Asks: 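Can you keep this structure in mind? I'll have questions shortly.
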Amino acid sequence: MSKKIGILGGTFDPPHLGHLLIASEVQHALALSEIWFIPNQIPPHKQLDHFTNSDHRLNMIKIAVKDHADFSVNTIELEREGPSYTYDTLRLLREEFPEHTFYFIIGADMIEYLPNWHKIDEVINLVTFVGVKRSGYQTNTPYPVMEVEIPQFEVSSTMLRERLRKGGNTEFLIQDDVRRYIEENQLYGT
């Protein structure tokens, strides 16, 4: 059965309510059947950064989406060794699910970065890009990108890691179950 699938990739380190808001808004705006959250193994542009163990990131995103029937986690990138390139992931997904149409959700920061993507000219033939606006970023690009307006919710995983490290407030930014997991596993210096 053919479905319209939204893909939201990222480190999800940690996953937050902004990720869920983006997924929900795009799903409703484009009448998508499902949203697949795909945690990255080693994002090529972040290889020098330190990020949390993949098992913890996977567990947190599973917790984050568990109450949303149309949201699921796909581990395709975690199952591969080495750097994760969107091109490789999409090629594999298209082979496995040839009947589906894929919509790759990206933030405005990534829209600006598209010219630098690995095999971008091939990627645009595999997927429809959906860009969500973010303050401080332009959405001009030579590549075809559908834009979806979503309510601005300025939260980032970087900001949350800092707050968690300092014992700061994360209420209404991450789900309580995700916060509990972080504390139980002593992530981010909690």
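If you're wondering where the values come from, they're calculated on a predicted model, not measured in any experiment.
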Asks: Is it true that Thr89 and Arg80 share a donor-acceptor pair across their side chains at a distance under 3.5 Å?
Replies: yes
Asks: Any side-chain to backbone donor/acceptor pair from Lys4 onto Leu30? Under 3.5 Å, distance only.
Replies: yes
Asks: For Tyr85 and His118, take the angle between the two ring planes, folded into 0 to 90°, and tell me which bin it lands in: parallel under 30, tilted 30 to 60, perpendicular over 60.
Replies: tilted
Asks: With a sphere of 6.0 Å drawn around CD of Glu95, does it hold more than 12 non-hydrogen atoms of other residues, nucleotides or ligands?
Replies: yes
Asks: Are the aromatic ring centres of Phe12 and His19 under 6.0 angstrom apart?
Replies: yes
Asks: In terms of side-chain heavy atoms, does Thr52 have a donor or acceptor partner in Arg57 at a distance below 3.5 Å?
Replies: no
Asks: Donor-acceptor pair, distance only, cut-off 3.5 Å: does the side chain of Ser157 make one with the backbone of Pro14?
Replies: yes
Asks: To the nearest 0.5 Å, what is the distance between CG (Leu20) and NE2 (His68)?
Replies: 5.0 Å
Asks: Rounded to the nearest 0.5 Å, what's the gap from CZ on Phe37 to OG1 on Thr75? Could you check?
Replies: 15.0 Å
Asks: For the CG atom of Asn125 and the CG atom of Leu90, what is their distance to the nearest 0.5 Å?
Replies: 11.0 Å
Asks: I want to know whether Tyr103 and Trp36 have ring centres closer than 6.0 Å.
Replies: no
Asks: Return yes if a side-chain donor-acceptor contact under 3.5 Å exists between Glu99 and Ser2, otherwise no.
Replies: no
Asks: Would you check if there is a donor-acceptor pair between the side chains of Ser54 and Gln41 at a distance under 3.5 Å?
Replies: yes
